[in-house]
Number of protein chains: 2
Amino acid sequence: MNDQRFESVLAELRAVVGPAGWIDDPAAMAPYVEEQRGRYRGAAVAVIAPASTDEVSRVLAHCNAARLGVVPQGGNTGLCGGAVAGADQVILSLRRMNRIRALDARNRTLTAEAGCILAELQRAAAEAGRLFPLSLAAEGSCQIGGNLATNAGGTNALRYGVARDLALGLEVVLADGTVWNGLSTLKKDNTGYDLRDLFVGSEGTLGVITAATLRLFPQPGDVQTALLAVGDIDDALAVLDRLQQASDGRVNACELMSDRSVAFATRHVAGCRAPFATLPPWMLLVEVSGGRVVDELRPLFEATLAEALEAGELLDAALAESQAQAQAFWRLRESIPEAQKHEGGSIKHDVSVPVSAVPEFLRRAGAAVESALPGARVCPFGHLGDGNIHFNVSQPQGADRETFLGEWERCNRIVHDIVAELGGSFSAEHGIGRLKRNELLRYKPAVAVEAMRRIKQALDPNGILNPGALL
Amino acid sequence: MNDQRFESVLAELRAVVGPAGWIDDPAAMAPYVEEQRGRYRGAAVAVIAPASTDEVSRVLAHCNAARLGVVPQGGNTGLCGGAVAGADQVILSLRRMNRIRALDARNRTLTAEAGCILAELQRAAAEAGRLFPLSLAAEGSCQIGGNLATNAGGTNALRYGVARDLALGLEVVLADGTVWNGLSTLKKDNTGYDLRDLFVGSEGTLGVITAATLRLFPQPGDVQTALLAVGDIDDALAVLDRLQQASDGRVNACELMSDRSVAFATRHVAGCRAPFATLPPWMLLVEVSGGRVVDELRPLFEATLAEALEAGELLDAALAESQAQAQAFWRLRESIPEAQKHEGGSIKHDVSVPVSAVPEFLRRAGAAVESALPGARVCPFGHLGDGNIHFNVSQPQGADRETFLGEWERCNRIVHDIVAELGGSFSAEHGIGRLKRNELLRYKPAVAVEAMRRIKQALDPNGILNPGALL
């Protein structure tokens, strides 16, 4: 950093957090400045890791006074450049704020600091006989503060909602360092504007989430899992509807896999196997859970899938006979992103459309992309129950990777235009960050963008919070 | 209205909506200017009822240019003066915007204009084989726009959430007349700040909700209802926990009634009867629903209540043997507010505390009020499962009504201070309106109030929307 005017504020910041909370050695900063997927390599004056809300408050007050840009960061597992800092900014890592402050089993709430690892919160809830249902691929390293700041989704969102739905209250430090204690554990509280949901999903541009109160659920005694072979998406939706109706909405997950995505996984990832003699056009991974004892839901699950078979909605069904088999089914689904890497470059889309429009979306987007990029291999998969499809496109076999990836924006345009026509979203669960700001300006109504700008100006008038992200 | 400067804008407004949308005759305006509970008698230059979003847009643009205050109003069933206008303001009634624009059974969404009556939306969903679960006493006349603007709760919130949880998207006209089409039917959409939830619960102070997309649910095939006799609230919470666990959260309602509230209802309201030989200290009305056929949940319901009896958590239980009996149970619960009127003046509180803190709240608040107001008869009832208690206090027998009601603020202070100490809310589901603005300033953290003011200023810089409400 060349700018002399920051020297005094850096000294002040260092004094606030002490040596344990200060990193400015480039090698030690490396894990904080590069984004996991390798798309972004940022920089930073320093990585600052406060140990308490009070330290976050003092850090932000100093930065605000000095107009020093601050990029809040959780586990740095994002995929859209939301936590990438510039050379004249500091990274504010929440990792040292990792205490569980309270767990009230009867009230079914847990109060956790922002730096708590998601998997640790799942464990703490389970130890208290409760379920914290947020679950996603990065759960072993992502932090709850980042989950909330990006409104993470994941595989259980179908039943339990996205991160927003799981938060009852927040503690947030505003740009000027003032602390809002909104750590309510109340479900009903009609006392003014919903500040909580304004901060959730704002990607650290309006305030820094330092703690949250989270909703817990009964821990199910039984989990039933199946892989289903279906001929088309209309049938898949009919099966999902049947399962939802029969189980009173106790369907945790309804994950879609195209034949190609399954073929990639079985080809490249050890232990992945499709349980059907011939590969069907589509496979569904469905999971229902509930009850108090093992196999309590089995009769209902079997009967419902039998009805679907009889109605011709299913080609075949494989019910997991053990926990190991259920895990193998999940492994197949979760190996798809990894498997795709072995097939060369991949242009990615994280889109959602109304659930009823998924069949039309897949037909139209598939045809349009294959026509525009001859030989490109459309490989969709994702959270069918939420209408959230990871519409990934692998390069033609033998094509040049970089040439193909050069088509990224053209391919995005084709897919996102169709999504927009169907009333969908160009960013269903991964957020905007620095990757999709242009898409936001293109697809979001101007009146919404203007309202967002005014809110940003109202809460962070100096623009110090995550400059360059989202807006 | 004396002010001449409004004359031209009134002519413009009248031209926008035409005679069908214009009321300025005092007798015809009466139902719009007086609030139901009789606590507020307002006024208005005119009641304006636009027939379309475009008309709302033009109305607001004119009002904004002329700095004319606008009070949006739905069914005028609120209890906190949220839709009460002053003599120099206009009332914007949404009643003519009452079309259901779309219903997508497979996507489980319904798009309705703000003026749709809640009960009509429930019926439309049922006709499509779906459930729209929002349910409250005023459902025959309240409007969905008002339900959303006040984030209504009601008796099914335990399972399905409050109004906020049931909205996927909104169409909102901003103060300057610009229209935000945010009528998303998506569950996952991470593209910027959550404007939707900012408008939900803002009581018409940030924009006028003109339409909404709402979530629908599977229609349950079976409903089981019971009245339970319990000795104390800890036992009541244990029973609720047991039912939640056994039914996987399919408990729609868990309504608490104190012995006194039951006694009032059986004394004053025809057809109300407690099904127990002796009146227990507390009664619970519990309802679970689900499955596909009648009595599908009966074995689970019976077994769980039998376990609770055996564990000593219940004194007695009466399971509804017919729909008529279930309705009689609900009638008992719903008659309490009416019954209270026959016992003289009542000082009301709509509070929530963490569910686990309800026993302590009831003990402390009951003792404090009885000590401060000798002879006053504490009469709590409400939504135990959400920690939301209508902590009403009836006057001493034979006391002077007005003298007693003169203690309203002192009584509020006692109760709300205890609520605040327990991390609760002084307005759980009825909102702020004009009634609880002082409470908001007293109990809400100053940083939250300041953030709210900035947001108000950012979105309604001329302050024309519902002046005097909420902030």
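So that the names make sense, note that chain A is the first sequence line, chain B the second, and so on, each numbered from 1.
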Is chain B contacted by the side chain of A:Val351, its backbone, both, or neither, given a heavy-atom distance below 4.5 Å? neither

Structural part of A:Leu237 lying under 4.5 Å from a heavy atom of chain B: both

Tell me, for B:Val358 versus chain A, whether the close heavy atoms (under 4.5 Å) come from the side chain, the backbone, both or neither. neither

Between B:Leu440 and chain A, which part of the residue has a heavy atom less than 4.5 Å away: side chain, backbone, both or neither? side chain

One should read off an interatomic distance between B:Asp197 CG and A:Asp197 CG, to the nearest 0.5 angstrom, of 4.5 Å

Does any backbone or side-chain atom of B:Ala238 lie under 4.5 Å from a heavy atom of chain A? Answer side chain, backbone, both or neither. both

Heavy-atom distance under 4.5 Å to chain B: side chain of A:Leu240, backbone, both or neither? neither

Determine the option with the most heavy-atom pairs under 4.5 angstrom with chain B, choosing from A:Gly423, A:Gly291, A:Ser184, A:Ser289. A:Gly291

Under a 4.5 Å heavy-atom cutoff, which of B:Asp350, B:Leu158, B:Leu198, B:Leu206 has the most pairs with chain A? B:Leu206

Looking at B:Asp248, B:Leu459, B:Val355, which has the largest count of heavy-atom pairs under 4.5 Å with chain A? B:Asp248

Does the distance from a Lys or Arg side-chain N to an Asp or Glu carboxylate O, for B:Asp241 and A:Arg130, drop under 4.0 Å? yes

A:Asn190 side-chain N/O to B:Thr150 backbone N/O, donor-acceptor pair under 3.5 Å: yes

Given that the side chain runs from C-beta out, which part of A:Ala446 has a heavy atom under 4.5 Å from chain B: side chain, backbone, both or neither? neither

Which atoms form the tightest heavy-atom contact between A:Asp189 and B:Ser425, and what is the distance? OD1-OG, 2.6 Å

Can you check whether B:Thr191's main-chain N or O pairs, donor with acceptor, with A:Lys444's side chain at less than 3.5 Å? yes

What part of A:Leu183 gets within 4.5 angstrom of chain B, counting heavy atoms only: side chain, backbone, both, or neither? neither

Got A:Leu174 and B:Val447 here, is their nearest side-chain heavy-atom distance under 4.5 Å? yes

Atom group of A:Asp165 that falls short of 4.5 Å from chain B, counting heavy atoms: neither

Show the nearest heavy-atom pair for residues A:Val353 and B:Leu186, with the distance to one decimal. C-CD2, 3.4 Å

Looking only at atom types and distance, does a side-chain atom of B:Arg292 sit under 3.5 Å from a main-chain N or O of A:Ala246, one as donor and one as acceptor? no

Note: B:Lys188 and A:Ala157 closest approach over all heavy atoms is CE-CB, 3.7 Å

Quick one: do A:Ser352 and B:Lys187 satisfy side chain to side chain donor-acceptor pair (under 3.5 Å)? Show the steps, please. CA-CA 8 Å; A:Ser352 63; B:Lys187 186 155 153 197; over 6 Å; no

If you count heavy-atom pairs within less than 4.5 Å of chain A, which of B:Leu470, B:Val449, B:Thr178, B:Leu300 leads? B:Leu470

Under 3.5 Å, side chain of A:Gln245 to main-chain N/O of B:Gln219, donor-acceptor pair present? yes

Going by the side chain to side chain donor-acceptor pair (under 3.5 Å) test, name the single residue among B:Asp104, B:Thr109, B:Thr185 that passes it with A:Ser356. B:Asp104

Measuring heavy-atom distances to chain B, does A:Lys456 have an atom under 4.5 Å in its side chain, in its backbone, in both, or in neither? both

Is the closest side-chain heavy-atom distance between B:Ile455 and A:Leu195 below 4.5 Å? yes

Would you mind checking which part of A:Pro354 comes under 4.5 Å of any heavy atom in chain B, side chain (CB onward), backbone (N, CA, C, O), both or neither? both

Segment of B:Leu168 engaging chain A (4.5 angstrom heavy-atom cut-off): neither

Given a strict heavy-atom distance threshold of 4.5 Å, which part of B:Asn388 is in contact with chain A: side chain, backbone, both, or neither? side chain

Can you tell me which portion of A:Arg453 sits under 4.5 Å from chain B's heavy atoms? Options are side chain, backbone, both or neither. neither

Name the region of A:Asn151, side chain, backbone, both or neither, that has any atom closer than 4.5 Å to a heavy atom of chain B. both

Do you know the tightest heavy-atom contact between B:Tyr193 and A:Thr205? OH-OG1, 2.7 Å

Within the structure provided, determine whether B:Arg108 and A:Gln244 are in side-chain contact (heavy-atom separation under 4.5 Å). yes

Heaviest contributor of heavy-atom pairs below 4.5 Å to chain B, chosen from A:Gly249, A:Gly169, A:Ala448, A:Gly153, is A:Ala448

